[in-house]
Amino acid sequence: MRKVYLDNGSTSYPKAPGVGEAMSDFIIHVGCNVGRGGYETAYQMGEVIYETRQQLCELFHFPEPKNVVFTPSVTYSLNYVIRGFLKPGDHVIMSSMEHNAVARPVKAMEAAGCAVSIAPCTPEGQIIPEELEKCFRENTKLVVTTHASNVCGTILDVETVSRICHERNVPYVIDSAQSAGIIPIDFTKLGLAALCVTGHKGLLGPQGIGAMLLTDEMAQAMDPVILGGTGSASHLLTMPDFMPDKFEAGTLNLPGIVGLHAALKYLKETGIEKIRELENARVDQFIGGVTKIPGVRVIGLPTSEGRVPVVSLDFQGIDNADVSFLLDSDYGIMTRCALHCAPLAHQTLGTFPEGTVRFAFGHTTTEEEVEYAVRAISDIMGDGSAASRE
Ligand SMILES: Cc1ncc(COP(=O)(O)O)c(C=O)c1O
């Protein structure tokens, strides 16, 4: 049976050309650690790491490579920021569209003596400025939101959130898991305090590598959550206070960084505008097709406008989990069902606790693959138009 991968919201596939080759070349042919080896290969690898920090700076319009900290993923970045910055007695705001990568560390801080507000969003997953404004208190120290929903794809109006935060002088942190590499992000224009990034979704890199981009103020205010060797200031029994070492304890994921380096090179050469154009075309084709099928409800916005290439469907008269199972077992179409680690978002969208079936497209998803998926759904829903099982 053929295979059609429509789970790019979980992780992108295929990865950018050159990623696998660069990683395997590093593992097979390069022996070194960085900051721990006094030899030429280690210095060369140090340059690749620096270049990767620079690539992230360029992509996100961020001025300071030393403040680009490598982490294992956006989940780690968010934990480092939320748990390293907040202190008991502080108040933090998140939106009602958050993934558990934000919601769980924020709620854990509540247990540790912080106060938490959840700014309600619309049933399409958009921020409501007046509601957000109402959440602020005297002791509000941080606002953290996702940039785009991993459930329905809605792009949050981060410009407005940022303006509201700036008016109150409160740092704003973005979870870019679903937006990085898919829509432009300008750290400087948005005036962010921190941007949390994962390498394996829209950036088309490997799993196990992410980053956080921090302003100097944020880097100073945060305590490191993970402590250990940095290959620098080794006479101290405390973490160095300079960047990025303050937050990079332990050996970095060098194969991951090499892979991310190759992916970022590809993204630059291809251009994210081009990628977005291709993905939007697939989203509109898919939504256009499934809305004609009785018993299928599209969650969130009606077209590709204002969304990343993630579409959630709710099926009437058949269990969503059964649809997802049949798509895989009978048609080889890979989707993700249930709550997508985002119970708050599903509550906001009115799809809790059943969840939805999520279809997430990539720029290499073809028109024919989308047509096949629409026919498969139509077939499962008994719409009369049989999908060919190839
Ligand atoms: C919005 C959002 N935030 C955070 C994450 C966590 O990403 P990772 O598993 O790469 O840390 C995801 C992954 O699905 C996500 O969609």
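The chain is numbered in sequence order, starting from 1. Order of listing sets the numbers, starting from 1, for every ligand and every atom in it.
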Engineer: Should you measure from each heavy atom of His200, which atoms of ligand 1 turn up under 4.0 Å away?
Structural biologist: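 Atoms satisfying the 4.0 Å criterion: 8 (P), 10 (O).
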Engineer: Gln55 side chain to His261 main-chain N or O, any donor-acceptor pair under 3.5 Å?
Structural biologist: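 A pair under 3.5 Å: yes.
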Engineer: How far is atom 1 (C) of ligand 1 from the closest protein heavy atom, and which atom is that?
Structural biologist: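 Closest protein heavy atom to atom 1 (C) of ligand 1: Asp175 OD2, 3.5 Å.
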Engineer: Any N or O on Lys201 sitting closer than 3.5 Å to an N or O of ligand 1?
Structural biologist: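 For ligand 1, there is an N or O atom that lies under 3.5 Å from one belonging to Lys201.
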Engineer: Testing Asn280, Thr364, Ile182, Leu267 one by one against Ile275 for a side-chain contact (heavy atoms from CB on, under 4.5 Å), which residue passes?
Structural biologist: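 Testing Ile275 for a side-chain contact (heavy atoms from CB on, under 4.5 Å) against Asn280, Thr364, Ile182, Leu267 leaves exactly one candidate, Leu267.
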Engineer: Does a sphere of radius 6.0 Å around OH in Tyr13 hold more than 12 heavy atoms from other residues, nucleotides or ligands, not counting ones at 6.0 Å or beyond?
Structural biologist: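 Counting neighbours around OH of Tyr13, 12 or fewer heavy atoms of other residues, nucleotides or ligands fall under 6.0 Å, so no.
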Engineer: Please write down residue, atom name and distance for the protein heavy atom closest to atom 15 (C) of ligand 1.
Structural biologist: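 In this structure, atom 15 (C) of ligand 1 has His99 CD2, 3.3 Å as its nearest protein heavy atom.
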Engineer: Can you list the atoms of ligand 1 that are under 4.0 Å from a heavy atom of Thr146?
Structural biologist: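 Per the distance check, 1 (C).
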Engineer: Quick one: look up the protein heavy atom nearest atom 11 (O) of ligand 1 and list residue, atom name and how far away it is.
Structural biologist: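 Checked against all protein heavy atoms, atom 11 (O) of ligand 1 sits closest to Thr75 OG1, 2.5 Å.
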Engineer: Which atoms of ligand 1 have any heavy atom of Ala101 under 4.0 Å away?
Structural biologist: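 Counting from 1, the qualifying ligand atoms are 4 (C).
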Engineer: Just to verify, which of Val290, Thr356, Ile377 counts as forming a side-chain contact (heavy atoms from CB on, under 4.5 Å) with Phe315?
Structural biologist: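 So the option named by the test is Ile377.
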Engineer: How far is atom 16 (O) of ligand 1 from the closest protein heavy atom, and which atom is that?
Structural biologist: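 Going atom by atom, the protein heavy atom closest to atom 16 (O) of ligand 1 ends up being Gln178 NE2, 2.7 Å.
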Engineer: Measuring from atom 7 (O) of ligand 1, which candidate in Asn100, Val74, Val308, Thr11 has the nearest non-hydrogen atom?
Structural biologist: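 Result: the heavy atom closest to atom 7 (O) of ligand 1 is in Val74.
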Engineer: Quick check on Lys87: does its NZ atom have over 12 non-hydrogen neighbours (other residues, nucleotides or ligands) under 6.0 Å away?
Structural biologist: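 Yes, the 6.0 Å shell around NZ holds more than 12 heavy atoms from other groups.
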Engineer: At less than 4.0 angstrom from any non-hydrogen atom of Thr198, what atoms of ligand 1 do you find?
Structural biologist: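 In order of numbering, the contacting atoms are 8 (P), 10 (O).
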Engineer: Which atom pairs, one a donor and one an acceptor, fall under 3.5 Å between side chains of residues 291-300 and the rest of the protein, sequence neighbours left out?
Structural biologist:
from, atom 1, to, atom 2, distance (Å)
Thr291, OG1, Ile287, O, 2.7
Thr291, OG1, Gly288, O, 3.2
Arg297, NH2, Asp314, OD2, 3.1

Engineer: Scan Lys268, Arg53, Lys265 and name whichever one has a salt bridge (Lys or Arg N to Asp or Glu O under 4.0 Å) with Glu58.
Structural biologist: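 So, applying the salt bridge (Lys or Arg N to Asp or Glu O under 4.0 Å) to Glu58 and each of Lys268, Arg53, Lys265, only Lys268 qualifies.
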